[in-house]
K.L.:
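Below is a structure I'd like to ask you about.
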Amino acid sequence: MATANRDLQVAQTVFGDGFVQIKQYVDILTSRGVEWGVLGPKEAPRVWERHILNSTALASLIPEASTVGDVGSGAGLPGIPLAIQRPDLTVTLMEPLLRRSNFLTQTVMELGLTDRVHVVRARAEDCHETFDIVTARAVAKLPPLLGWTKKLFMPDGQLLALKGVSAEAEVQSAQKVLKAGHLTAEVLQVRSHPDADVTYVVRISPR
């Protein structure tokens with residue numbers, strides 16, 4: 001309970017005026033999200049730390065007024081929390097599965113984000129837009145992920161892939177793909193707030 005209270009207090013600080021909106025999103029996630037199968041029932045009690053604050057740890061890495069493409073967005077993570085925290089961002093949520101894309105469309109409408117958050121039912125490799133920043137969370141290992149997303153952020157953007165403690169190992173396994181694509185990778189440890197848990201991010205940039 002103490003950890004849950006801490007995470008809630010941290011979220012209030014992180015989101016400021018957007019806290020009411022992010023709380024509404026969490027309520028949607030833990031009700032309809034579980035009912036529709038876009039969030040596992042065991043994830044509901046730890047949604048703030050594991051999903052919301054984990055997502056917003058990326059915010060410090062995204063330049064102001066960026067366009068963001070969230071690949072395999074699923075329940076809207078990290079795209080929706082980032083959009084709520086950062087009103088300067090324009091976010092596209094890419095999700096190929098019908099049920100999940102319907103969930104995203106309905107959620108974005110209910111949150112009043114349709115002016116700058118767009119839902120596209122498509123796989124990354126079928127999307128023809130380009131973005132300043134591409135985000136990916138729990139989508140795939142780096143080698144296939146790079147194959148799918150490279151054209152979305154080239155030639156001047158970046159890929160920010162949320163990973164776990166195995167991030168360094170994934171970068172090593174992707175060396176051939178990185179070299180062939182003229183890309184560099186670095187593993188970053190970031191937090192959405194000094195009291196939040198560390199999030200591991202692999203940042204991919206053109207050489």
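None of these values were measured; they are calculated from a predicted model.
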K.L.:
Could you grab the distance from atom NE2 of His51 to atom CG of Leu29, nearest 0.5 Å is fine?
P.N.:
8.0 Å
K.L.:
What pair of heavy atoms forms the shortest contact from Lys151 to Thr130, and how long is it?
P.N.:
O-CG2, 3.5 Å
K.L.:
For the residue pair Val202 and Ala167, what are the closest heavy atoms and their distance?
P.N.:
CG2-CB, 3.9 Å
K.L.:
Where is the tightest heavy-atom contact between Leu159 and Ala136, given as atom of each residue plus distance?
P.N.:
CD1-CB, 4.5 Å
K.L.:
If you take all heavy atoms of Ala59 and Gln85, which pair is closest and at what distance?
P.N.:
CB-OE1, 3.3 Å
K.L.:
Answer yes or no: is there a donor N or O on one side and an acceptor on the other, between the side chain of Arg50 and the main chain of Glu43, under 3.5 Å?
P.N.:
no
K.L.:
For the pair Arg116 (side chain) and Ala83 (backbone), establish whether a donor and an acceptor sit closer than 3.5 Å, ignoring hydrogens and angles.
P.N.:
yes
K.L.:
Mind checking whether Leu93 and Ile28 sit in one hydrophobic cluster, side chains of I, L, V, M, F, W, Y counted as touching below 4.5 Å?
P.N.:
yes
K.L.:
Can you tell me how far OG of Ser192 sits from CG of Asp197, rounded to the nearest 0.5 angstrom?
P.N.:
9.0 Å
K.L.:
Main chain of Phe19, side chain of Gln12: is a donor-acceptor contact present, judged purely on distance under 3.5 Å?
P.N.:
no
K.L.:
Measure the CE-OG distance between Met154 and Ser205 for me, rounded to the nearest 0.5 Å.
P.N.:
10.0 Å
K.L.:
If only atom types and distance count, is the side chain of Arg203 paired as donor or acceptor with the main-chain N or O of Leu61 below 3.5 Å?
P.N.:
no
K.L.:
Count the heavy atoms of every other residue, nucleotide or ligand shown that sit under 6.0 Å from CG of Asp115, and state whether that count exceeds 12.
P.N.:
yes
K.L.:
Using the rule that two of Ile, Leu, Val, Met, Phe, Trp, Tyr join whenever any of their side-chain heavy atoms come within less than 4.5 Å, decide whether Leu178 and Leu160 are in one cluster.
P.N.:
no
K.L.:
Heavy atoms only: give me the nearest Ile84-Gln21 pair and the separation to one decimal.
P.N.:
CG2-OE1, 3.8 Å
K.L.:
Please check if the side chain of Glu95 supplies one atom and the backbone of Gly74 the other of a donor-acceptor pair under 3.5 Å.
P.N.:
yes
K.L.:
Is any side-chain heavy atom of Leu152 less than 4.5 Å from a side-chain heavy atom of Met94?
P.N.:
yes
K.L.:
Might you point out which heavy atoms bring Pro96 and Arg123 nearest each other, and give the distance in Å?
P.N.:
CB-CG, 3.7 Å
K.L.:
Do Val10 and Ile80 belong to the same hydrophobic cluster, where Ile, Leu, Val, Met, Phe, Trp and Tyr are linked whenever their side-chain heavy atoms lie under 4.5 Å apart, directly or via other members?
P.N.:
yes
K.L.:
Please evaluate residues Val177 and Leu142 with respect to the criterion side-chain contact (heavy atoms from CB on, under 4.5 Å), reporting the C-alpha separation (whole Å), side-chain torsions for both, the decisive distance (0.1 Å), and the verdict.
P.N.:
CA-CA 9 Å; Val177 177; Leu142 273 180; over 6 Å; no
K.L.:
Kindly compute the distance separating OH (Tyr25) from CG (Leu111), expressed to the nearest 0.5 Å.
P.N.:
8.5 Å
K.L.:
Nearest 0.5 Å, what's the CD-CD distance between Glu168 and Glu186?
P.N.:
10.5 Å
K.L.:
Would Val68 and Phe131 show up in the same hydrophobic cluster when neighbours are defined by side-chain heavy atoms closer than 4.5 Å?
P.N.:
no
K.L.:
Applying side chain to side chain contact (heavy atoms under 4.5 Å, CB included) between Leu77 and each of Val38, Val47, Asn54, Ile52, report the one that passes.
P.N.:
Ile52
K.L.:
If two hydrophobic side chains count as joined below 4.5 Å and joins carry through other members, does Ile204 share a cluster with Val171?
P.N.:
yes
K.L.:
Out of curiosity, Trp48 CH2 to Asn5 CG, how far, rounded to the nearest 0.5 Å?
P.N.:
12.5 Å
K.L.:
Donor-acceptor check, side chain of Thr67 to backbone of Asp132, threshold 3.5 angstrom: yes or no?
P.N.:
yes
K.L.:
Would Arg121 and Asn102 count as a side-chain contact (heavy atoms from CB on, under 4.5 Å) if you check the C-alpha gap in whole Å, the side-chain angles of each, and the deciding distance to 0.1 Å?
P.N.:
CA-CA 9 Å; Arg121 189 187 170 201; Asn102 286 344; over 6 Å; no
K.L.:
Any side-chain donor-acceptor pair under 3.5 Å between Arg32 and Thr107?
P.N.:
yes
